[in-house]
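Inspection log for the structure reproduced underneath, given as structure tokens.
Heavy atoms only: backbone and side chains are in, while hydrogens, waters and symmetry mates are out. So you know, we letter chains A, B, ... as the sequences are listed, proteins then strands, and number each from 1.
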There are 2 protein chains.
Amino acid sequence: MDFAAHRFAAGGYHPTSVAEIVQGLGVGKGVFYWYFSSKEELLAEILREAQLDLRRAQRAVIAGEPDPVRRIEMGIRSSIDWLDANRHLATLFQFAATETRFAPILRASQELTHNDLTQHVKDGIIDGRIRDADPAILTLAILGVVGNLTRAFLATERARADEVADTAVAFCLQGLLGPGQA
Amino acid sequence: MDFAAHRFAAGGYHPTSVAEIVQGLGVGKGVFYWYFSSKEELLAEILREAQLDLRRAQRAVIAGEPDPVRRIEMGIRSSIDWLDANRHLATLFQFAATETRFAPILRASQELTHNDLTQHVKDGIIDGRIRDADPAILTLAILGVVGNLTRAFLATERARADEVADTAVAFCLQGLLGPGQA
DNA sequence: CCATTGCTTGACCAGCTGGTCAAGGGTTCC
DNA sequence: GGAACCCTTGACCAGCTGGTCAAGCAATGG
């Protein structure tokens, strides 16, 4: 499954044939269809497992932190770390979002992450630490920053993951202008 | 070409066959290969034209504005408007980024946009209006916000384009915390 | 009136796809 | 021993793919 994920990410899902996967694994085709009902289900399984793992990483890091703003920060950092360590899966997420067949699979888990994060944003607004704006939109903005920064920066190896995380956190918290500006 | 772009976005590039496109257009297959040398080149052409159009929209709006921060804001707004009006193309961009064959086509134009935006960020830093951080990273963060907000929000019709743009601009400028906070 | 040119057609092709299945190991248990 | 079970094999298949091409059509120009 791990091998298949790498092949899909490298060559694209459709262009990568089942024959190619089983050949690379040195097994017969039958064994593939013994464990997976279809090629489609294989990718679905890969996606589900990856999302579960990402969420696990986020939760583990956030668990002990009471402050909502810090929780958001930790979430951002752990996500970037995970996406850095699993770039091929990040690519698959991106692809899956463009295909009507796989998009629903992503949505389920993304909604959970989204809700968690939105809750922290709401908490921050209640505490007066985060400015009063639609929490859902702020959440999407944060996820956008994380996603794009990871994609662009880590794909080209221009910086270390923790440096990218530092800048991402600073941007999400302070924006372009920084504290003390209109 | 417009019809093909819609089909690709709706059904995915690979699953959409040339036969399907020409049938939907009510023409023979030969005419397709008279105008395009391959299916791959069709998508490449669609992508190139779309990127050109997006850039044109950005440039037109920014032209008369001297203030770098306002330029950035106008750029964000025009991008969101364009992506809103051409959602299917936004989907294709996202797909193209995941395929090694098409990614280079995107990169060329994206680099131009990236450089333009980075220049405005640099100007803002020199003016002291934008806090001192790596302009390239800030640029990527902005593009991430715009991209994700557009994708998530406009795809589900949860808000009007100009509302999304307002929030995007506010987030990029002030972040979560807003002015006057550490 | 015919030749040339530019476009259009759709039957056709080789190649590859996801998926099937009869056949054959290896273990385990009686 | 042998039967039952689980796993594995790879030849095989129908269906569809991107792409070709001989043939035909309409307009133009001489």
Side-chain angles (χ1 to χ4, degrees), chain A residues 1-51 88-89 91-107, chain B residues 1-51 88-89 91-107:
Chain A
M1 231 171 87
D2 198 51
F3 176 79
H6 275 92
R7 299 297 309 172
F8 283 157
Y13 168 72
H14 291 292
T16 303
S17 67
V18 175
E20 192 182 329
I21 293 171
V22 297
Q23 215 160 50
L25 249 31
V27 300
K29 214 174 191 179
V31 71
F32 178 94
Y33 284 96
W34 178 264
Y35 289 105
F36 301 97
S37 66
S38 71
K39 183 188 177 187
E40 191 175 332
E41 212 226 51
L42 165 64
L43 179 55
E45 205 62 46
I46 290 171
L47 291 172
R48 272 190 287 264
E49 192 167 291
Q51 286 187 302
H88 60 294
L89 296 176
T91 305
L92 289 185
F93 285 159
Q94 206 183 342
F95 163 76
T98 70
E99 290 254 328
T100 15
R101 286 218 218 78
F102 300 113
I105 295 168
L106 292 187
R107 210 160 308 154
Chain B
M1 230 173 86
D2 198 52
F3 175 79
H6 276 92
R7 299 298 309 170
F8 283 157
Y13 168 71
H14 291 291
T16 302
S17 67
V18 175
E20 191 182 330
I21 293 171
V22 297
Q23 213 160 51
L25 248 33
V27 299
K29 214 175 191 178
V31 71
F32 177 95
Y33 285 96
W34 179 264
Y35 289 104
F36 300 98
S37 66
S38 70
K39 182 189 177 186
E40 191 174 332
E41 212 226 51
L42 165 63
L43 179 55
E45 205 62 47
I46 290 170
L47 292 172
R48 272 190 287 263
E49 191 167 291
Q51 286 187 301
H88 61 293
L89 296 176
T91 304
L92 289 186
F93 285 159
Q94 206 183 341
F95 164 76
T98 70
E99 291 254 328
T100 17
R101 285 217 221 78
F102 300 113
I105 296 168
L106 292 186
R107 209 160 308 155

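- Between Phe102(A) and Tyr13(A), the ring planes are perpendicular. Angles over 60° get that label, and only those under 30° would be called parallel.
- Protein atom OH of Tyr13(A) is 9 Å distant from nucleotide atom C1' of dG18(C), rounded to whole Å.
- Within the 4.0 Å cut-off from OP1 or OP2 of dT8(C), at least one side-chain nitrogen or oxygen of Tyr35(B) is found.
- You'll find that the side chain of Val31(B) is closest to dT8(C), out of dG19(C), dT8(C), dG18(D).
- Spacing between atom CZ of Phe36(B) and atom C1' of dT8(C) amounts to 15 Å, rounded to whole angstrom units.
- Residue Ser17(B) has its side chain nearest to dT17(D) when only dC7(C), dT8(D), dT17(D) are considered.
- Distances shorter than 4.0 Å separate some side-chain N or O of Trp34(B) from OP1 or OP2 on dC7(C).
- The closest side-chain heavy-atom distance from Leu92(B) to Ile46(B) is below 4.5 Å.
- As a whole-Å value, the separation of Phe32(B) CZ from dG6(C) C1' is 19 Å.
- Contacts of Lys29(A) with the nucleic acid, taken as non-hydrogen atoms under 4.0 Å apart, include base atoms.
- The distance from atom CD of Glu40(B) to atom P of dG19(D) is 8 Å, rounded to the nearest whole Å.
- To the nearest angstrom, P of dT9(C) lies 12 Å from CD of Gln23(B).
- The closest side-chain heavy-atom distance from Tyr35(A) to Leu42(A) is not below 4.5 Å.
- Residue-level contact check: Ser37(A) touches neither bases nor backbone, having no heavy atom under 4.0 Å from any strand.
- Within the 4.5 Å cutoff, the side chain of His6(A) has heavy atoms near those of the Asp2(A) side chain.
- A heavy-atom distance below 4.5 Å is found between the side chains of Glu99(B) and His14(B).
- Taking atom OH of Tyr33(B) as the reference point, atom P of dG18(D) lies 6 Å away to the nearest angstrom.
- If you take CG of Leu42(B) and P of dG19(D), they are 11 Å apart, rounded to a whole angstrom.
- Contacts of Val18(A) with the nucleic acid, taken as non-hydrogen atoms under 4.0 Å apart, involve only primed sugar atoms and P, OP1 or OP2.
- For the pair His14(B) NE2 and dC16(D) C1', the computed distance is 15 Å after rounding to whole Å.
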